[in-house]
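Atoms within a ligand are numbered from 1 in the order they appear, just like the ligands themselves.
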Amino acid sequence: MTQPRKVAIIGAGNVGSTVAYTLMQSGLAREIVLIDLDRERAEGEAMDLNHGLFFAPPVDIRAGDYDDCADAALIVITAGARQKPGESRLDLVQRNVAICKAIMAEITSRTSDAVIVMVTNPVDVLTYVAQEVSGWPHERILGSGTVLDSARFRYLLSAHCRVDPRNVHAYVIGEHGDSEVPVWSMTHIAGVPMRQFCQHTCGRNCTTNEREGIFEQVRSSAYHVIESKGATYYGVSMALERIAGAILRDESSVLTVSLRADGHFGLQDVCLSLPAVVNHNGIYRVIEAELSEREQEALHRSAKVLKDIIAQMEP
Ligand SMILES: NC(=O)c1ccc[n+]([C@@H]2O[C@H](COP(=O)([O-])OP(=O)(O)OC[C@H]3O[C@@H](n4cnc5c(N)ncnc54)[C@H](O)[C@@H]3O)[C@@H](O)[C@H]2O)c1
């Protein structure tokens with residue numbers, strides 16, 4: 001039987017262990033199990049985290065194995081090779097597809113009602129692969145997608161407009177990667193459309209160059225962080241805490257997670273990020289907002305990038 005607050009994290013590297021750390025502090029999970037090829041690493045991370053338990057809400061943390069996936073409510077997959085400096089997310093494909101298939105074979109050889117959240121890159125492609133090889137309902141396998149990119153977008157807009165990021169509503173959709181799309185037409189601050197907000201505060205709209213500059217920073221964020229410190233893990237782990245909250249607390253939160261498009265925005269047979277309602281079953285429904293013509297075209301270009309990769313993958 002599923003333990004409603006049990007989380008299995010596969011991959012106890014930078015991202016997996018930081019997700020565990022973030023979840024531990026959130027009080028969302030009652031049990032966190034770390035699973036890694038490198039068992040010693042998983043045990044070391046669990047030990048280190050346990051030493052902080054005096055300062056956190058009660059939670060059992062330990063290293064485990066795939067049997068722990070059977071009764072988990074949430075399985076987070078962070079295992080795999082990570083981007084090397086200068087390497088694009090898509091270069092990782094073949095290496096991580098093989099790892100993803102091996103992990104999914106382990107999970108699906110046990111009966112499980114869990115929701116799976118893929119984090120390993122290229123996250124959209126691997127979400128698609130995981131859905132294909134598992135035979136599970138598509139809504140129960142999603143990717144962290146552009147939740148992090150949307151947060152980066154909000155942060156940069158908040159700095160530009162000098163307001164709290166929590167009052168900025170802005171979405172990045174499409175691929176979690178170079179072809180991702182900023183949805184300027186849906187961007188608003190405290191309910192005021194961005195254009196109107198700019199008029200009120202600066203007396204003018206942002207120029208196209210200013211907008212492109214802000215979005216370029218979003219798109220290149222991961223590259224800059226990886227160049228400076230080798231990996232990104234804090235931002236994504238906080239994004240994961242948000243996604244885990246939507247699932248474990250059945251929140252019906254709107255998040256730009258990676259999901260299987262099934263006619264949404266005119267897209268089919270590809271996983272990419274769209275604004276969706278996320279609850280204890282995973283994806284409840286996609287919110288089909290009206291995009292501008294430019295955004296719609298960019299979203300279709302992004303889907304094509306992903307479909308081309310899927311088509312080129314070794315079987
Ligand atoms: N989606 C996002 O927003 C986002 C953000 C940051 C990183 N990532 C991705 O997350 C992944 C992990 O990054 P990281 O920095 O934690 O890497 P890392 O190298 O620190 O950790 C990866 C871990 O996976 C383990 N592993 C490898 N193959 C395995 C297998 N078959 N079964 C179990 N464990 C296995 C390794 O032993 C290692 O501990 C990368 O693909 C990275 O690109 C995604």
Side-chain angles (χ1 to χ4, degrees), residues 8-22 33-46 48 63-66 68-69 75-107 116-130 133 142-153 172 174-178 180 218-244 255-259 271-273 306:
I9 300 174
I10 305 176
N14 291 311
V15 176
S17 57
T18 314
V19 168
Y21 176 66
T22 320
V33 183
L34 292 164
I35 303 165
D36 199 293
L37 264 189
D38 182 349
R39 173 83 188 195
E40 209 180 335
R41 167 96 195 237
E43 280 173 0
E45 295 292 357
D48 195 5
D65 53 39
Y66 284 100
D68 283 297
C69 293
I75 301 171
V76 180
I77 302 181
T78 73
R82 71 178 127 99
Q83 266 170 289
K84 295 176 186 155
E87 185 184 41
S88 87
R89 291 190 184 100
L90 300 181
D91 293 337
L92 281 176
V93 180
Q94 226 44 70
R95 280 195 285 162
N96 282 345
V97 164
I99 293 173
C100 170
K101 285 182 175 171
I103 290 170
M104 289 308 296
E106 291 283 1
I107 295 173
I116 294 180
V117 179
M118 181 66 67
V119 184
T120 309
N121 277 319
V123 64
D124 303 291
V125 174
L126 297 186
T127 304
Y128 183 91
V129 169
V133 298
L142 51 125
S144 57
T146 55
V147 176
L148 174 59
D149 314 66
S150 296
R152 286 172 174 153
F153 192 28
V172 175
E175 179 201 1
H176 169 60
D178 298 343
E180 63 191 19
V218 175
R219 190 168 26 214
S220 57
S221 292
Y223 293 111
H224 290 313
V225 178
I226 290 168
E227 261 162 34
S228 17
K229 56 177 265 190
T232 74
Y233 38 90
Y234 294 126
V236 67
S237 298
M238 294 189 75
L240 250 296
E241 184 197 326
R242 183 77 181 86
I243 299 169
L255 297 166
T256 51
V257 285
S258 187
L259 52 85
C271 285
L272 78 183
S273 287
L306 291 164

Y223 and D178: CA distance, side-chain angles, deciding distance, side chain to side chain contact (heavy atoms under 4.5 Å, CB included) verdict: CA-CA 11 Å; Y223 293 111; D178 298 343; 2.9 Å; yes

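- What sits closest to atom 17 (O) of ligand 1 on the protein, heavy atoms only, is R82 NE, 3.4 Å.
- The N/O atoms of D38, backbone and side chain alike, include none that comes under 3.5 Å of an N/O atom in ligand 1.
- A distance of 7.5 Å separates CD1 of I35 from CD1 of I75, quoted to the nearest 0.5 Å.
- Side chain of T256 to backbone of S273: no donor-acceptor contact under 3.5 angstrom is found.
- Evaluated by nearest non-hydrogen atom to atom 13 (O) of ligand 1, the leading choice among L34, V15, I35 is V15.
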Derivation and outcome, side chain to side chain contact (heavy atoms under 4.5 Å, CB included), residues C271 and M118: CA-CA 12 Å; C271 285; M118 181 66 67; over 6 Å; no

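- Neither the backbone nor the side chain of A222 comes within contact range of ligand 1; no heavy atom lies under 4.0 Å.
- Residue-ligand proximity: A81 is placed with a non-hydrogen atom under 4.0 Å from ligand 1.
- M104 has its side chain within reach of I116: a pair of non-hydrogen atoms, C-beta onward, lies under 4.5 Å apart.
- In terms of protein heavy-atom proximity, atom 21 (O) of ligand 1 is closest to G13 CA, 3.2 Å.
- Distances below 4.0 Å separate heavy atoms of T78 from the following atoms of ligand 1: 11 (C), 12 (C).
- Considering backbone and side-chain atoms together, R41 places no N or O closer than 3.5 Å to any N or O of ligand 1.
- Polar contact check, N121 against ligand 1: a nitrogen or oxygen pair lies under 3.5 Å apart.
- Of the possible donor and acceptor atoms, one in the side chain of T78 sits under 3.5 Å from a partner among the backbone N and O of G11.
- Remark: ligand 1 atoms within the under-4.0 Å shell around heavy atoms of L148 are 3 (O).
- When the side-chain hydrogen bond (donor to acceptor under 3.5 Å, both in side chains) test is applied to S144, no partner is found at least two apart in sequence or on another chain.
- For a threshold of 3.5 Å applied to N or O pairs, the pair formed by G80 and ligand 1 contains at least one separation below that value.
- Backbone and side-chain nitrogen or oxygen atoms of V123 are examined, and none is located within less than 3.5 angstrom of a nitrogen or oxygen of ligand 1.
- Here the side chain of T18 pairs no donor or acceptor atom with the backbone of Y234 at under 3.5 angstrom.
- Remark: ligand 1 and N14 share an N or O pair separated by less than 3.5 Å (distance only, no angle test).
- Annotation: side-chain hydrogen bond (donor to acceptor under 3.5 Å, both in side chains) contacts of S258 (sequence neighbours excluded): D124.
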Side chain to side chain contact (heavy atoms under 4.5 Å, CB included) between I107 and I77, intermediate numbers included: CA-CA 11 Å; I107 295 173; I77 302 181; 4.1 Å; yes

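- The shortest contact between atom 31 (N) of ligand 1 and any protein heavy atom is with I99 CG2, 3.5 Å.
- For atom 1 (N) of ligand 1, the nearest non-hydrogen atom of the protein is V119 O, 3.0 Å.
- At under 3.5 Å, a nitrogen or oxygen of S144, whether backbone or side chain, sits near a nitrogen or oxygen of ligand 1.
- Not a single heavy atom of A102 sits less than 4.0 Å from an atom of ligand 1.
- For atom 6 (C) of ligand 1, the closest heavy atom belonging to the protein is T232 OG1, 3.1 Å.
- For ligand 1, the polar-atom distance check against I10 finds no nitrogen or oxygen pair separated by under 3.5 Å.
- With hydrogens and angles ignored, the 3.5 Å screen pairs a side-chain donor or acceptor of D68 with a backbone N or O of D65.
- The N96 neighbourhood of ligand 1 comprises atoms 41 (O), with distances under 4.0 Å to a heavy atom of that residue.
- Close approach of ligand 1 to A79 (heavy-atom distance below 4.0 Å) involves ligand atoms 24 (O), 26 (N), 29 (C), 33 (C), 34 (N), 35 (C).
- Remark: minimum distance from atom 3 (O) of ligand 1 to any protein heavy atom is reached at H176 NE2, 3.2 Å.
- Side-chain N or O atoms of S150 include one that pairs as donor or acceptor with a backbone N or O of V172 at under 3.5 Å.
- In this structure, R39 contributes its side chain and G64 its backbone to a donor-acceptor pair below 3.5 Å.
- Nearest to atom 30 (C) of ligand 1 by heavy atom, out of T146, D36, I226, L37, is L37.
- Residue contacts with ligand 1: V236 is placed with no nitrogen or oxygen under 3.5 Å of a nitrogen or oxygen of the ligand (distance criterion only).
- Partner of K101 under the side-chain contact (heavy atoms from CB on, under 4.5 Å) criterion, chosen from N96, V129, L126: V129.
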